[in-house]
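Heads up, the thing below is written out as structure tokens.
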Amino acid sequence: MLRYTIRRLIQLVGVVLVLSMLLFAWLRLLPGGPVSALLGERATPESREALTKQLGLDQPIFVQYFKFLGRAATGDFGVSTGVQPGDSALDIFLQRFPATIELSFFAIVIAIAVGVPLGYLAAKRRGGWFDNLSVVGSLIGVAVPVFFLAYLLKDVASSSLGLPSQGRQDAIDATRVTGFFTLDGLITGEFDATLNALEHLILPAIALATIPFAVIFRITRAAVLDVLDEDFVRTAEAKGLTAPVIRRRHVLRNAMLPVVTTIGLQTGALLSGAVLTEKVFSFAGVGQALAIGFERRDYPVLLLLIIMATIVYVVVNLLVDLSYALIDPRIRTR
């Protein structure tokens, strides 16, 4: 297991290097650029030339890339030119990543808490009204665009339920410790701040959870259906084992491998940045920074955020692979 983990981590380094090269070249080929974003309509040929030289954009791409690698090795990923002009790209990531973790965590918890039980119950009642209704609901969850549901929740649910629909927290005097607003209030004893942060998470988390819920539900249902048809389940029933024992020891445990894989993929995707959801709800996370970065051609921020998203995605999937050994002991001997 240790050898496998080390091999995957080495592969991660190769993936990040190749991605950084491709991404660096692609960003430089985008129309416009940071010079146009910074100068806007005030741009003159002289000012454009001066700013291009100042930013080092007049040099060959491979020279710019190797200079970037040299700075990145020391923790210097450049300075933002659009998202938060003048701020370090690394500081922007460290400020915004906790917001995306909080939002993704609550979204995936909602998706798992609803998707796995519904998938199991739908499989147990295969062909019945509950199964058919659940399948239709999951199809709607996949088909409805996230941004449409986000705007619907923001305009309708927010006004009718009185829930906040913008930002991570109201303008209150709260102590910041970790960057996780829900956790900071618990650490400092400012429970009102934690409650306020949780209220701001409800609508964006529900909007973000719809697609993971639909995927987790369908995979759980399909996996449970496959396991219910296995001989060992019928043998357990014939031996007189109770339904809870069969469900826990035989059905759910054997159906969990594809479900865990799906949860890992969905979690990695959420942590990579929920661009549309964060944009709609003005949630100051990685996704919102990516959206602003693309609008303003903020090369340093875009490069760092996309690379970090890749690292997070690969690491989450590595953890999922390692969790297989805990779920299915047979994998440990392979």
Side-chain angles (χ1 to χ4, degrees), residues 100-153 157 201-229 247 251-281 283 285-287 290 309-324 326-328:
T100 299
I101 292 180
E102 277 189 332
L103 179 57
S104 302
F105 173 78
F106 282 97
I108 202 67
V109 165
I110 292 172
I112 294 172
V114 180
V116 172
L118 275 183
Y120 175 80
L121 293 175
K124 288 288 288 184
R125 293 159 175 77
R126 173 174 28 183
W129 67 268
F130 182 83
D131 181 26
N132 294 328
L133 188 63
S134 301
V135 170
V136 171
S138 69
L139 288 174
I140 294 174
V142 173
V144 174
V146 173
F147 70 88
F148 174 78
L149 181 60
Y151 277 116
L152 189 65
L153 288 172
L201 278 167
I202 293 174
L203 295 182
I206 292 174
L208 191 60
T210 52
I211 291 181
F213 151 71
V215 176
I216 291 170
F217 163 80
R218 294 177 69 82
I219 295 298
T220 302
R221 178 181 178 275
V224 171
L225 285 175
D226 287 340
V227 173
L228 288 175
D229 290 333
R247 179 177 64 246
V251 177
L252 285 178
R253 186 158 189 174
N254 285 281
M256 275 296 105
L257 278 180
V259 176
V260 168
T261 302
T262 302
I263 292 172
L265 292 172
Q266 295 298 316
T267 303
L270 293 179
L271 287 173
S272 299
V275 178
L276 294 175
T277 305
E278 291 184 3
K279 183 75 172 174
V280 172
F281 289 99
F283 204 84
V286 171
L290 279 171
T310 303
I311 294 174
V312 168
Y313 194 86
V314 175
V315 169
V316 168
N317 281 276
L318 172 60
L319 295 176
V320 169
D321 290 346
L322 296 178
S323 70
Y324 288 167
L326 299 176
I327 298 171
D328 189 349

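Worth saying up front: this structure is predicted, and the values here are computed from it rather than measured.
- The two residues Ala122 and Phe130 have their closest heavy-atom pair at N-CE2, 3.8 Å.
- Closest non-hydrogen pair, Val215 versus Thr262, comes out as CG1-CG2, 3.4 Å.
- Counting heavy atoms from C-beta outward, Phe105 and Leu270 have side chains that stay 4.5 Å or more apart.
- Under the side chain to side chain contact (heavy atoms under 4.5 Å, CB included) criterion, Ile101 pairs with Phe97, Phe180, Leu271, not counting sequence neighbours.
- Of all non-hydrogen atoms in Ala223 and Ala255, the two that sit nearest each other are CB-O, 3.5 Å.
- Residues satisfying the side chain to side chain donor-acceptor pair (under 3.5 Å) criterion with Gln266, sequence neighbours excluded, are absent altogether.
- Considering only residues two or more places apart in sequence or on other chains, Lys124 meets the side chain to side chain donor-acceptor pair (under 3.5 Å) condition with none of them.
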Expected list for residues 137-152: side-chain donor-acceptor pairs under 3.5 angstrom, two or more places apart:
unit_1: Ser138; atom_1: OG; unit_2: Val135; atom_2: O; d: 2.7
unit_1: Ser138; atom_1: OG; unit_2: Arg218; atom_2: NH1; d: 3.4

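- Taking Pro117 as the reference, nothing meets the side chain to side chain contact (heavy atoms under 4.5 Å, CB included) condition, with sequence neighbours excluded.
- By the salt bridge (charged side-chain N to carboxylate O under 4.0 Å, His left out) test, Arg125 pairs with no residue at all, sequence neighbours left out.
- Pairing each heavy atom of Phe217 with each of Ser134, the nearest pair is CZ-CB, 3.3 Å.
- Here the closest heavy-atom approach between residue Leu103 and residue Leu201 is recorded as CA-CD2, 3.9 Å.
- Residues passing the side chain to side chain contact (heavy atoms under 4.5 Å, CB included) test with Ile206, sequence neighbours excluded: Ile110, Leu153, Ile202.
- Considering only residues two or more places apart in sequence or on other chains, Leu225 meets the side chain to side chain contact (heavy atoms under 4.5 Å, CB included) condition with Ala123, Arg126, Arg221.
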